[in-house]
Amino acid sequence: MIESSDLRMTRIPLSHGAGYMPALGFGTLIPDPAETITATRDALEAGFRHFDCAERYGNEREVGKALQEGIAGGGITREDIFVTTKLWNSNHRPDRVEPAFEASLDRLGLKYLDLYLIHTPFAFQPGDNQDPRDQNGNVLYDQGVTLLDTWKALETLVDHGKCRAIGLSDITLDMLKPIYESARIKPAVVQVESHPYLPETELLEFCKERGIVLLAFAPLGHGMKPGLLEDPVISAVAARVGKTPAQVLLAWAVQRGTALLTTPRSAARARENFDISRLPEDAFDEINRIQIRQRLNPVVNTGVPGFIPQSKSTAQGK
Ligand SMILES: NC(=O)c1ccc[n+]([C@@H]2O[C@H](COP(=O)([O-])OP(=O)(O)OC[C@H]3O[C@@H](n4cnc5c(N)ncnc54)[C@H](OP(=O)(O)O)[C@@H]3O)[C@@H](O)[C@H]2O)c1
């Protein structure tokens, strides 16, 4: 980890000399296309240089547009930003991997990716339907492909210089271990839910020992209330150090050596979430002692997205 006295500038090295990942990442799981553009632009302006996308989010074009505008506006180059996207479950068959990757690249308007992830370890029936179901509403899984088959297709993308690093998302330690053992190019990153109620300590230790970056999603507990943002320990630390609960949670995540993804949807929150600073050791330890354990997102069990935020206009309409 490239520690800096300024926590906001923390960068974590990726295995295989694949560069550095800025620890503070902006997630683009935003249902509304117009809001995707403004929120991505606001994040870039606030200082975020790491952007997490996915074909499943259906908004790679909008993220790409905001990033291109940011680059064209001057001061920021492609090399200054770190862009990830993810292969969806219905594209796990090896012959579908490169076309899916190229389609994402085209929508994002980029020539290469910094990181490509297998979105979940669950293969769905191959095809253009991202949510294939039988007549009873059960997901149609694909038994004709293994995770290792898909992984090997991702390794080929690295060989061809199309993406600098590859990794996995929504994976458990038990599923990660055999891929790690068999892989020719080891996973550089695993993206999983992690926060003080789900510290994933064992997975984090495994990753640290092998130079894998743990990239935490839901660092604010998906913003759910009641939840982490109102936790008494977090609130007390926030009051003591003169920061907001969100800033405390994000600082904690970076200080324990993970990268993170957060999704502020307004310019003010983007500035707030980027403006983190180091917590005193006693505050850091206090957060580590929180005993509550809660997983918020069940995607890790089924491959079915467990939490899709409502678009603001939809939410208001309800
Ligand atoms: N691999 C996967 O399966 C997976 C699953 C989920 C997410 N992700 C990734 O992780 C990213 C992060 O999503 P997340 O939901 O996990 O992020 P999060 O930052 O934990 O939660 C986002 C929620 O927190 C609220 N929020 C943001 N900043 C805040 C602040 N300063 N104070 C109070 N509330 C605040 C937002 O509210 P407003 O919307 O009102 O601003 C939003 O409802 C996603 O965009 C996506 O890239 C990946």
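As a basis for the values below, the full set of heavy atoms in this structure was taken, side chains included, without hydrogen atoms, waters or symmetry mates. Order of listing sets the numbers, starting from 1, for every ligand and every atom in it.
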Peer 1: Heavy-atom contacts under 4.0 Å between I30 and ligand 1: side chain, backbone, both, or neither?
Peer 2: neither
Peer 1: Does S169 reach ligand 1, in the sense of a heavy atom lying below 4.0 Å from it?
Peer 2: yes
Peer 1: For the residue pair E55 and A100, what are the closest heavy atoms and their distance?
Peer 2: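 What the structure gives for the nearest pair is OE2-CB, 4.0 Å.
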Peer 1: If you measure every N/O of R265 against every N/O of ligand 1, is any gap under 3.5 Å?
Peer 2: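 Looking only at distances, the answer is yes, because the N/O contact criterion of under 3.5 Å is met.
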Peer 1: With ring-ring contact (aromatic ring centres under 6.0 Å, His included) as the criterion, how do F124 and H119 come out once you've worked through the C-alpha distance, each side chain's angles and the decisive distance to 0.1 Å?
Peer 2: CA-CA 12 Å; F124 287 1; H119 201 143; over 10 Å; no
Peer 1: Does L229, backbone or side chain, put an N or O under 3.5 Å from an N or O of ligand 1?
Peer 2: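 N/O-N/O distance below 3.5 Å does not exist for this pair.
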Peer 1: Would you list the atom pairs, donor with acceptor, under 3.5 Å between side chains in residues 171-179 and any protein atom, with sequence neighbours excluded?
Peer 2:
residue : atom : partner : partner atom : Å
T172    : OG1  : M175    : N            : 3.3

Peer 1: Any non-hydrogen atom of F26 lying under 4.0 Å from ligand 1?
Peer 2: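 Distance cut 4.0 Å: F26 fails for ligand 1.
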Peer 1: Please confirm whether Q247 approaches ligand 1 to less than 4.0 Å, judged on its heavy atoms.
Peer 2: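 Judged by the 4.0 Å heavy-atom criterion, Q247 does not count as contacting ligand 1.
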Peer 1: So, using side chain to side chain contact (heavy atoms under 4.5 Å, CB included) as the criterion, who are the partners of R78 when residues are at least two apart?
Peer 2: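 So R78 forms a side chain to side chain contact (heavy atoms under 4.5 Å, CB included) with I71, I81, V83, L110, Y112, D114.
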Peer 1: Evaluate the ring planes of F122 and Y141, with Trp represented by its six-membered ring, and classify them as parallel (under 30°), tilted (30 to 60°) or perpendicular (over 60°).
Peer 2: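 The arrangement is tilted - the two ring planes meet at 30° to 60°.
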Peer 1: In terms of relative ring orientation, are F26 and F51 parallel, tilted or perpendicular, with 30° and 60° separating the classes?
Peer 2: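 If you compare the ring of F26 with that of F51, the planes turn out perpendicular.
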Peer 1: Would you check whether T263 has a nitrogen or oxygen atom less than 3.5 angstrom from a nitrogen or oxygen atom of ligand 1?
Peer 2: yes
Peer 1: Assess the residue pair T40 and E62 against the criterion (side chain to side chain contact (heavy atoms under 4.5 Å, CB included)); give the C-alpha distance rounded to whole Å, side-chain angles, the decisive distance to 0.1 Å, and a yes or no.
Peer 2: CA-CA 9 Å; T40 306; E62 287 76 17; over 6 Å; no
Peer 1: Among D170, T244, L296, whose heavy atom sits nearest atom 3 (O) of ligand 1?
Peer 2: D170
Peer 1: Can you find an N/O atom of S266 closer than 3.5 Å to an N/O atom of ligand 1?
Peer 2: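 Between S266 and ligand 1, no N or O pair is found under 3.5 Å apart.
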Peer 1: For ligand 1 and A218, I'd like to know whether there is a polar contact (N/O to N/O, distance under 3.5 Å).
Peer 2: yes
